[in-house]
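Step one of this worksheet: look at the structure below.
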Amino acid sequence: MTMKTDYIGKPTNRVDGRLKVTGQAKYAAEFDSPGLTYGFVVSSRIAKGKIKSIDTTEALQLDGVLQVFTHENRPQTAWFDKSYQDEDSPPGSPFRPLYSDEIQFSQQPIALVVADTFEAARYGATLVNVTYEDAPFSTDFEGNREKAYTPEKYKSQPPPDARGDMAAAFASAAMQISEEYTHTSEHHNPMEMHASTAIWEEDGTLTIYDKTQSVQNSQKYIDQIFGLKPKDARVRSPFVGGAFGSGLRPQYQLFLTVMAALELKRPVRVMLTRQQMFSFGHRPATIQKLQLGASKEGKLEAVRHEAFGETSRFEDYAENVVVWQNVLYQCDNVAFDYKLIGLDVYTPLDMRAPGGSTGQFALESAMDELAAASGINPVALRLKNYTEKDQNEDAPFTSKELRECYRQGAEKFGWEKRNPEPRSMKEGHQLIGWGMASGAWEASQQQASAKALLTVDGKLTVSSATADIGTGTYTVMTQLAAETLGLQLEDVSFKLGDSALPDAPLEGGSWTVSSVGSAVTLVCDAIGKRLLKLARKVKDTPFATAGYDEVIFSEGHMRLRSDPSKALAVTRIMRSAEINYLEEEVTSKPAEKQKKYAPYAHSAVFVEVRVDEDFGTIKVTRVVSAIAGGRIINTKTAESQILGGVVWGIGMALEEESLMDTTYGRFMNHNLAEYHVPVNADIHSIDVIFVEEHDEIVNPIGAKGLGEIGIAGVAGAIANAVYHATGKRVRNLPITLDKVM
Ligand code: MOS
């Protein structure tokens, strides 16, 4: 029997696909338990002030209602004495639900009604009578620009240091671009609403099913707040219906669910409504100022990138908005600044390529303005300013095949046929525009652990407390493990989403494949080394003197690399040694040698738009996204990541907008009817190219994450295409028809 066991780089179907399409994959709000109770959250009507009174009498009289938790009767927990920061907390003081009578933002959770049925809880929530004492507030982002401040500490990196003399170089530059770019807040809107189900057991322990990008982040949070031990509360999250960053921090439904379960000694489930999905965390509204000074030939001589980002009053949320010139374009005279504008809103939250998708929208728009002003082809301008190192870190890249992205992307798109003149490419009533942009995103590796268990029947189970938020983690980890030990995919299972499993970082930052994938590969190698030791003792062994680098695993066998026909079945090795199983656990860390290098994934995005001359409607008819993402583990799920990123980029450029009503201090369009995202009719041809990129430094498996690079340059490329189509430069996202007309 021949069986192929090489999976890396192949278009492998999702190993969890069948469970998902048959409805067997269970999400946080689908776990059940005898005696399950249901919690419904009451949200604050006002944006700031105090709860004068909260009367729960009527709600408590309702049949089926068990309890109404408010700040007046909530249990005293460890949290209320000491503020706890989770792994993704920005500097500041995290919001604490039901802490006091104080209201800090609109839709703040102020009560939890728990009942025997969901319907009773929901109806009960309407019977909680609240009176408020309003206080003055402001949620007007642009209006508070004068009050922008520099935070004491930045959440990610502080803005890079200036180099050279930007002001002088800009003043004397032949070409000068100086513009402002803005976008509103946006919300993640995953399909699955945030939910937690806490199963309370008679012995007082809890199993909590949570919608999260890190079961261990949720678990540590619960432990700290409720003073529990890790063994008392296990957090599980086997499937996540999209998150995009919204699950990086434990959300308030987790706190409320666990509080209620511990108090009532009953299993409790809380799921937020779609409207309540707009009550925690969003991509912050941002204002960016870009100044580019260049020679007539388009060589950059001066760059200044400044940004103002939205944050709450209680935490300083910040992103890497102004750093991107350093990795994309060479320039010696540069200056950066990034200030925050505090508003009476909930703290913003990382959303797919936080800071990158926004910062690169502004930078790539400005580069296009420079190209147009100097009459240089936008691709040629980027090549002219190509940088071979991260100038802020003064470090070479682990690899950077961005030139190849430009070349292959342009060729596939047919870029050379572009007439540079705006409004020159017309078909009937349709103005055709071609635009492009570069993209970059970090390809970092975090510490991660994994465990592997190989049993004598040749079945392998590998596990790590990571998440699969729809990205394909189950599948790529299974591929890596199967190929490393030469087993069939069907004989390997990967477990994740359980806080009891070996430590893993947050499922975010596009680092899961590089971090957890490295740990999975290493732990399988550890098993392989144990097998080799055993194989040396097998009668007539071909491996008596072989070192680990002299053997390979394929088709269920250990083989000599120099002569693969010299082989022993893995199961036979274990049987000969009378061993029932082999178990290993490893922790992988970024290697020392990586520290001298800058790890980034890159992209070149080419876009065609068609703008109706009479109506101003914009269609993105073609996108070619050329990606340099290192070694691609699964070409199918990898392509899906980029497709998803491009679709979101289309949404960001043309549709997504959380509209703030500054009179009431709340998002007006907090539903999927009025918060627009692309639907099938908005999406046309999208081509994804993965350029060949060999990287031996970035991490042991040479793969860069792909979750975020797909969106990075898209909004800028679309804005540039709209300019090319219409001659009108829109510097304010989303580009809706009223702005184009
Ligand atoms: Mo991502 S915004 O780190 O989930």
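Note that these values count all heavy atoms, side chains included, but never hydrogens, waters or copies made by symmetry. Counting convention: from 1, in listed order, for ligands and their atoms alike.
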As a test of reading the model: which N/O atoms of the protein lie under 3.5 Å from N/O atoms of ligand 1, and at what distance?
unit_1   : atom_1 : unit_2 : atom_2 : d
ligand 1 : 3 (O)  : G509   : N      : 2.7
ligand 1 : 4 (O)  : Q213   : NE2    : 2.8
ligand 1 : 4 (O)  : G245   : N      : 3.2

**Flag if over 12 foreign heavy atoms under 6.0 Å of CE, M271** = no
**Message:** Between S196 and D210, is there a side-chain donor-acceptor contact under 3.5 Å, judged purely by atom types and distance?
**Reply:**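 Per modelled atom types, D210 and S196 side chains form a pair under 3.5 Å.
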**Message:** What I want to check is whether the side chains of E708 and W441 have a donor and an acceptor closer together than 3.5 Å.
**Reply:**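 A pair is found: one side chain offers a donor N or O, the other an acceptor, under 3.5 Å apart.
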**Asked** Do the charged groups of E656 and R283 touch, with an N to O distance under 4.0 Å?
**Response**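 Here E656 does not pair with R283 in a salt bridge, since their nearest N and O are not under 4.0 Å apart.
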**Salt-bridge present (R249, D350; N to O < 4.0 Å)** = no
**Message:** Please evaluate residues K220 and D86 with respect to the criterion salt bridge (Lys or Arg N to Asp or Glu O under 4.0 Å), reporting the C-alpha separation (whole Å), side-chain torsions for both, the decisive distance (0.1 Å), and the verdict.
**Reply:** CA-CA 8 Å; K220 283 178 218 151; D86 73 84; over 6 Å; no
